[in-house]
Enquirer: 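Structure below; questions to follow.
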Amino acid sequence: MATHDLWTPDRLPDPFAGVAKFLFDWIPLLVLVVGWEVASGRAVSESVLPPPTAVAAATVDLFATGEVIPHLAVSLLRVGVGLGLSIAVGVLLGIGMSQSDAVEDFFDVFLSLIYPLPKTALVPLALLWLGIGTKTAVLIVFLACLLPIVMNANNAAENVDQNLIRSARMMGTSDRRLFWKVVIPATIPEILTGIRQAIPFAFISLISAELIASEQGMGRLIRDAGSIGRYPAMFATIVIISAVAYTAVYGFEQIRERVLVWT
Amino acid sequence: TGGGGGGGGTPTINFNYVVPIENAASLLAVPEIRENLENAGSAYELNVTRNSGTPTSLNQMAAGSADVVMTSTVSFASAVNQSAVPEGLSVVGVDFWDAAPENYDVSVFAAPDSGITSISDLEGKTVAVNALGTGVHSVYVKGLRSAGLSRDDVEFVEMGFPTYTSALNEGKIDAGIYPALFAVGARSEGFNRVFGSADVWSQQYPFTYATASKRALNNKPDAMAAWAEDYAGLFDYVRNNRSEAASAAASHFELPASTVESYFFTENDYHRDLTVDQDALQFIIDDLVELDFIDESFDVTEHSTNEFQN
Amino acid sequence: MDVDVRSLDASSVVDSLKSIYSLVLLLVLWEVVTRMGLIYPYFLPQLSVVIDEFVLLVSSGQMIHAAYLTLMRAFVGLAGAAVAGVVIGILCARNALFEWFFDPIIKIGYPVPVISLVPVFMLWFGIGDVSKIIMVVVGTFWPVAVNARDATRQVDRNLIRSARMMGTGDRRLLWRVILPAASPGIFTGLQIATPIALIITFVFEMVAGGGGLGALEIAGVRGFNSAQTYAVIFAIIAIGLVLDRLLRAARTRLLDWT
Amino acid sequence: MDGRIGISHLEKVYGEGSERTKAIDDLSFDIDGGEFTSVVGPSGCGKSTLLYIIAGFLDITNGTVSVDGTPIDGPGTDRGVVFQDYALFPWRTVKENVLYGLEEAGVPDEEADATAQRFIDMMDLSGFENKYPKELSGGMKQRVALARTLAYDPKILLMDEPFGALDQPLRETLQDQLIDIWGDLDKTVVFITHDVEEAVYLSERVMIMTRHPGTKKTVTEVDLDRSRPREDIVTSEEFTRKKNEVWRSLREETKSEVQP
Amino acid sequence: MDGRIGISHLEKVYGEGSERTKAIDDLSFDIDGGEFTSVVGPSGCGKSTLLYIIAGFLDITNGTVSVDGTPIDGPGTDRGVVFQDYALFPWRTVKENVLYGLEEAGVPDEEADATAQRFIDMMDLSGFENKYPKELSGGMKQRVALARTLAYDPKILLMDEPFGALDQPLRETLQDQLIDIWGDLDKTVVFITHDVEEAVYLSERVMIMTRHPGTKKTVTEVDLDRSRPREDIVTSEEFTRKKNEVWRSLREETKSEVQP
Ligand SMILES: Nc1ncnc2c1ncn2[C@@H]1O[C@H](COP(=O)(O)OP(=O)(O)OP(=O)(O)O)[C@@H](O)[C@H]1O
Ligand SMILES: Nc1ncnc2c1ncn2[C@@H]1O[C@H](COP(=O)(O)OP(=O)(O)OP(=O)(O)O)[C@@H](O)[C@H]1O
Ligand SMILES: [Mg+2]
Ligand SMILES: [Mg+2]
């Protein structure tokens, strides 16, 4: 976070400067949390907005009693399988469409039909076909993640630098090998970008599917806790799933940086 | 979903309920109680899950992932009318009855200081219902009709049953409709009972019942019969061991033991009789058509059977 | 010459056919397969039945009213988020204090699956329009703010320098240079936010009712009327397509200089 | 005199602590009003830094820089900058770009319009008034940038490798146009370039800077009869001689610097 | 002879119908094995088209182009192309890039490694073997591209404005390196450039092309003693004369072309 304009902790010795800067950067969040703690029970009723301490206690409790574990596990499974499928299919489809006109002509119109459709609108349909539960959630996560991945992979594969391909051909690379030696590696950065764009959609669709059509999972837990007035537990569940989403997003960014040392 | 006959292992029955305790069948989920049943675990494997509404359960059945589910009048009739379940479905046992004069029923309560004491006082008021288009909702409409009002004369809001009491106390709603279990709380709060289904229906009718998919009945008849036997056995067991069953259920469903104790299979409970009374069933289906909850009626004998309750 | 023109026309017809043949094929297949009874009608009603249902819902006014409710909620919310997001985004990019305060909040807030707050909003604001609209504001604020902030940060320094050289003061700089220069990025933020606004509205309507396309769609499932669910999805696809085209057209018109 | 630039003991340091870099070290140089001066030097020697200091974009660490005797205090309409990447407002048409400075100066609409049109015509841009920058080639964009700067009539033109991104024939055309304008409008021009030939062809004086941290190394006075056609100038002996002189001086600075 | 290029009545037309553009018109030209030829011409005259035809990337509309008497049929390892934008594989390190052609040729690992290292050393890239292209400056990238092409030992080097994106000092260093390599390795080089000085400095023959559609206009033979230091060459009379000759011929083509 670029806050040099405000405060430059250069005067402190290095390790301290680092820590001080970290603390300084996160003061705003601290302010929010403290504000929330103070407001709760004063400005707003504690049941409407439980204080962070209560939420923290509920979080600990959810883990200590093990209540959240099966829900978290099933949610992670759904997000993982849905995203994994969309990566596998999306990459194949995206690159396939760039390599073959027939494939492109066939799938293009479907992609342009589901492109403008908010994928959560398909939850009821999935429910119809697959009933409630994991299959439905996986299908929705899959569909929501598919497009960014297909589109990024397709774009990248279609726009591989002509001169890279020419160079490879000049050095004796045949059509077949070209795909593995040039097209795929040249496309990887964009594929990873597509996945990165897909992750938030994966979580949105997971929670949506679980709110509407599941008896398990974090979305369901949030809804159940809310409907019987266990508000600290409801907020705690939201905090937990948000932390998971946050970790997924920024963790993936780290991984991408590692993988793409060359970009 | 368990495959066809014998072959590998014991067939699995996927069973779905909605409201714990109220659906007596929900007790099949309680391990201590299931232990006392004859066939579960031997003649068939029982897989119990809970859904948040009867339509969801029926959709599970349509999608092939449930064999027996608890249904109530409106969703059962709609599913039949729309042929939602491939091969069809059949009522195999009644879980509880509504509108039985000597038992508790589905009742509307209002806050003591609201001044609402009769159905006609509800005109123009905000009233809570768990979900529109349900059997519970139909009790309201039936009541309003009886007082010469229509469903448009009140404002319905959808809320979960457990939230009614605080909403009534905070004045967010004027009245709420309570099934028997929750009515225990409403009574102890001192709320006015405005009316109940027994006041507006001329006869009692099956409110919630176990419905099986015909596919399951055809594909694993023995297992289904064994399940039905256990379901009946469950009623016997509970009647004979009321307090053990109540405390096991309360701890399994994490409900206050006192509430369960004061309700469960007592005079505060619904009328419970497993027999599928096809006339009573036909009566309520026809009445729901009358009340505009269902488009058309049908012959219930094609969608219910008493063969398991003899 | 003549031949050239004809072959050109023919090939463009072939092109457009190629691009939709698979859709036509699918629709025909749908009708044929369902008519032959190969798929259980509850899962997939005949296309013609769905179309009938669609026409019925539209002509009875139900679909129109539901669409109105959904779009109203989505767009009132989006408008709120647009104002808040653009103001805060630009302030973050131009003012060190705002940057310090909001940057970590945005960093933490952006990845939160906002949809998980639906039950919270039901608790706080009930299940009416207000609740849904505020939810949309909260859900779409992030992409708008982040895009506005990044676009403002990326305004070419030399543009600002040129303007200053020609006598533009601090105040005027915002209107004369920063806003126009950042407007493509801001618009991108709105384009990203629009489907999110719809997603939130649909899900909220499905969970909490209160009318709208989401409620109408889920009612189809709850009432075992699958044709209704399909018909509503048709409407949603149509709305999605139209919105997407409208946004693109607006972009071309408003930002034809990019 | 109008448009005089005085640079005295200029020192410019970027950054602080471990990131401290001295970009310009003790540079003194005076430019007369109406003079055309080019600045050449190795990459990173501080040419742009110098120009931006004169423009008022950067603070001075030590020394003074003044225009007509007044120390510089931020950007101002007495100077105009032409950037290598044009810095045109992409949301404004050619005409609107050229009008910008006039609008800011509060020139009445009609007068502004006439002035803008004059410079558009001067830069051979007539017919392109309503095009957006994206519709123009690089050379045309640079012409618009020049017209925009000339239109609000700064005394001093500061140009940072303005033709660096253009190809040879375009460069040559624009160079010739620039010479004409300079002759007609009597501006002080400070022109930064990498291209020795360009520097010698255009300017009266070429300042060669040392490599990083930059300061004045040598100054070559060029006295060519610029009314002759380009062919004659570039093939003339005087031109070749000056070019070689600047080239050699510059080469001393760049040679040792280039390593893999 | 090795690396002879024969171009006879070459015609190249892009597109069809209303989009038909003739890029090259009736061009005949022969290049001897081991010769260094530069091609200059106005922008869009077809220089790249010509080069890409020799490389085998483009089909010929009419005429023939042959290498050592065999008509060209697609890309092949007897030729190597160096592009202006380097076209390095970004996911491969310097060493891996240089190894590419050797891998494709099935050269055993150890031998390939030794060969690659030899060219890396030759191009002053030692110590950078494990860097990725993004970590290199433009000049170094171009060195890697050159090493990669030289490593698989094509008879003919085809270079399309290879130094166009680099700044003057870097260009000069690479030009001198290229001359050395050419002297050592005995390759046929076809070198496209916009820069007249570069063309004359490097090559034995400079072909000037007419503007669009391009064909051979004139050919200037340059005979410089390239063993002398650059300073001496570029200030020599012969160099200036040849440069002016090429420059004038080119100017005739470009002058009328530049319009706003
Ligand atoms: N904003 C900055 N912060 C820190 N150092 C800077 C900054 N701008 C430039 N420098 C450094 O100051 C020195 C001079 O930079 P400057 O851009 O003035 O060089 P230049 O002569 O214009 O180079 P070029 O010919 O490549 O344009 C360089 O070493 C550069 O790295
Ligand atoms: N793929 C193509 N399709 C149609 N026309 C093309 C294509 N490539 C090049 N041309 C046209 O052919 C002519 C020659 O192009 P070419 O790129 O060979 O010129 P060039 O001499 O290399 O130009 P430059 O100096 O700008 O690189 C130009 O008029 C160009 O517009
Ligand atoms: Mg510079
Ligand atoms: Mg070219």
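Side chains included, hydrogens not; waters and symmetry mates left out as well; all remaining heavy atoms used. Proteins get letters first, then strands, A, B, ... in listed order; numbering begins at 1 in each.
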Enquirer: Any ion pair linking C/K107 and C/D103 (charged N to carboxylate O, less than 4.0 Å)?
Expert: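 Judged by the 4.0 Å cut-off on N to carboxylate O distance, C/D103 and C/K107 do not form a salt bridge.
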Enquirer: Below 4.5 Å from any heavy atom of chain C, which atoms of B/A131 appear? Answer side chain, backbone, both or neither.
Expert: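 For B/A131, no heavy atom lies under 4.5 Å from chain C.
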Enquirer: Is the B/Y178 to B/F182 ring centre distance short of 6.0 Å?
Expert: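 They do not qualify: ring centres at least 6.0 Å apart.
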Enquirer: Using a 3.5 Å distance criterion without hydrogens, assess whether the side chain of B/R151 forms a donor-acceptor pair with backbone atoms of B/L291.
Expert: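 Yes; judged by distance alone, with no hydrogens or angles, the pair exists.
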Enquirer: Select, from B/P86, B/A63, B/S78, B/S83, the one with the greatest count of heavy-atom pairs under 4.5 Å involving chain C.
Expert: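 The candidate making the most pairs under 4.5 Å is B/P86.
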Enquirer: In terms of heavy-atom proximity below 4.5 Å to chain C, should B/V85 be classed as side chain, backbone, both, or neither?
Expert: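 Answer is backbone: N, CA, C or O of B/V85 sit under 4.5 Å from chain C.
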Enquirer: Would you check if the distance from the ring center of B/Y209 to the ring center of B/F76 is below 6.0 Å?
Expert: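 Close enough - the centres of the two rings lie under 6.0 Å apart.
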Enquirer: Looking at chain C, which one of B/T54, B/N59, B/L58 has the largest number of heavy-atom pairs inside 4.5 Å, strictly under?
Expert: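 If we count pairs closer than 4.5 Å to chain C, B/N59 comes out on top.
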